[in-house]
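One structure is given here, and the rest of the page talks about it.
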Amino acid sequence: MSKLEQVLILEPSGELKFKGPFTEVVTSNLKLNNPTDKRVCFKVKTTAPRRYCVRPNSGVVEPSSSINVSVMLQPFDYDPQEKNKHKFMVQSMFAPEGGIDNETMINMWKDADQTQLMDSKLKCVFELPPEALQSVLFQNDLDAAKEAKEVAAVPPVKPNIPKPSPEAKRPVPQEATVAVKAVNVGSSASDSDMKKVLDECRRLQAEVSKLQAENAQIKDDGLRQRKATPSDNTQTFTTEFAPVEQRSAIPPVLYLLAALILGFIIGKFIL
């Protein structure tokens, strides 16, 4: 449900102007006119109640009459760059029949039907004469410069770095240095021996592969010769080629050498 239209006529209707300087109380007057033939109760509210005094802040406007409301702004430090958001609202409703005292007024607003309330809003405007405005801006610049100077005068805080303990200043024992060098030399020597062993293993593997290839070739030649000769001579060729096959096999010395090399490698990794 829409609210009722305000029956009171406000002068001014949209904003309350306060003219500085604001080093003392500044008053702005608000006139409430009642053009109806009924009594109208009113109440004045603000978004900054600590900054203003309103006299009277509530009352009754008789039919076809008016009442003046004084809005007093308390002294404060004015900053032209600060945006003002102060607002006022004038609420009103038709007064009941009979006399109205302060207690009746309080209870009436407390128990009022919200659908019967009317209101008007006004915003506050702060104005300064040109010379006062220049003075305020100049003072603000002086305050800013003073604050910057005080900040610059504060000595920088030195970081709290702990002093090294006497134990940290002790020189490293010569035995420890020698041990480290020995470990480095030993590891480099181990790397050199390991490289030699790996090279030897590669060489033996190549030789073993070569012998295996020769052995396979000799077996293939023997099979071809058996197929080409009669069956009664098979035993003769087999006996004749047997020593050749024995000579082509991997010499036992190579197995022994490979076993020794593998044992050397395993011993290096374990140690």
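Residues: numbered from 1 along the sequence shown.
Of the possible polar contacts, one joining the N34 side chain to the V61 backbone as a donor-acceptor pair under 3.5 Å is found. Distance alone, capped at 3.5 Å, is enough to place a donor-acceptor pair between the S28 side chain and the K17 backbone. Counting only distance, with no hydrogens or angles, the side chain of N84 and the backbone of C124 share a donor-acceptor pair below 3.5 Å. T46 places a side-chain N or O within 3.5 Å of a backbone atom of K87 that can act as its donor or acceptor partner.
Rounding to the nearest 0.5 Å places NZ of K121 at 15.0 Å from OG of S13. A distance of 13.0 Å separates NZ of K45 from CZ of F88, quoted to the nearest 0.5 Å. The NZ atom of K31 lies 13.0 Å from the CG atom of L8; values are rounded to the nearest 0.5 Å. Rounded to the nearest 0.5 Å, atoms SG (C41) and CZ (F94) are 10.5 Å apart. Distance check, rounded to the nearest 0.5 Å: CG of N102 to OG of S58 gives 7.5 Å.
In this structure, Y78 is not a member of the same hydrophobic cluster as V125, with clusters built from ILVMFWY side-chain heavy atoms closer than 4.5 Å. Residues L117 and I100 fall within the same hydrophobic cluster, defined by Ile, Leu, Val, Met, Phe, Trp and Tyr side chains chained together at heavy-atom separations under 4.5 Å. Linking Ile, Leu, Val, Met, Phe, Trp and Tyr residues whenever their side-chain heavy atoms come within less than 4.5 Å places V54 and V26 in a single cluster. Clustering ILVMFWY residues whenever any of their side-chain heavy atoms sit less than 4.5 angstrom apart, transitively, puts M89 in a cluster other than the one holding I9. Note: the hydrophobic cluster containing M105 does not contain V90 (ILVMFWY, side chain heavy atoms under 4.5 Å, direct or indirect links).
With no hydrogens or angles considered, a side-chain donor-acceptor pair links E11 and N33 at under 3.5 Å.
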* Can you check side chain to side chain contact (heavy atoms under 4.5 Å, CB included) on V69 and R55, steps first, answer last? -> CA-CA 6 Å; V69 177; R55 295 290 184 270; over 6 Å; no
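Closest non-hydrogen pair, F42 versus V60, comes out as CE2-N, 3.8 Å. Closest non-hydrogen pair, D119 versus Q91, comes out as CB-CG, 4.1 Å. Smallest separation of non-hydrogen atoms from T27 and S70: CG2-CB, 4.1 Å. Nearest heavy-atom pair, G98 versus R39, reported as atom, atom and distance to 0.1 Å: O-NH2, 2.6 Å. Across all non-hydrogen atoms, the minimal contact from M93 to M108 is CE-CG, 3.1 Å. For the residue pair N29 and P12, the shortest heavy atom distance occurs at O-CD, 3.7 Å.
Side-chain contact between V44 and P56 is absent, with no heavy atoms from C-beta onward closer than 4.5 Å. Looking at heavy atoms from C-beta onward, L128 lies out of side-chain contact with K19 at the 4.5 angstrom threshold. A heavy-atom distance below 4.5 Å is found between the side chains of F126 and H86. Residues L30 and L16 are in side-chain contact: their nearest non-hydrogen atoms beyond the backbone lie under 4.5 Å apart. Between F76 and T23, the closest side-chain pair of non-hydrogen atoms is not below 4.5 Å. No side-chain heavy atom of E15 sits less than 4.5 Å from a side-chain heavy atom of L122. The shortest distance between side-chain heavy atoms of F18 and V71 falls below 4.5 Å. Within the 4.5 Å cutoff, side-chain heavy atoms of L10 are placed close to those of L32.
Apart from M72 itself, the hydrophobic cluster it occupies contains V25, where clustering links Ile, Leu, Val, Met, Phe, Trp and Tyr at side-chain heavy-atom distances under 4.5 Å.
Summarising the local packing, CG of N107 is surrounded by more than 12 heavy atoms from other residues, nucleotides or ligands at distances under 6.0 Å.
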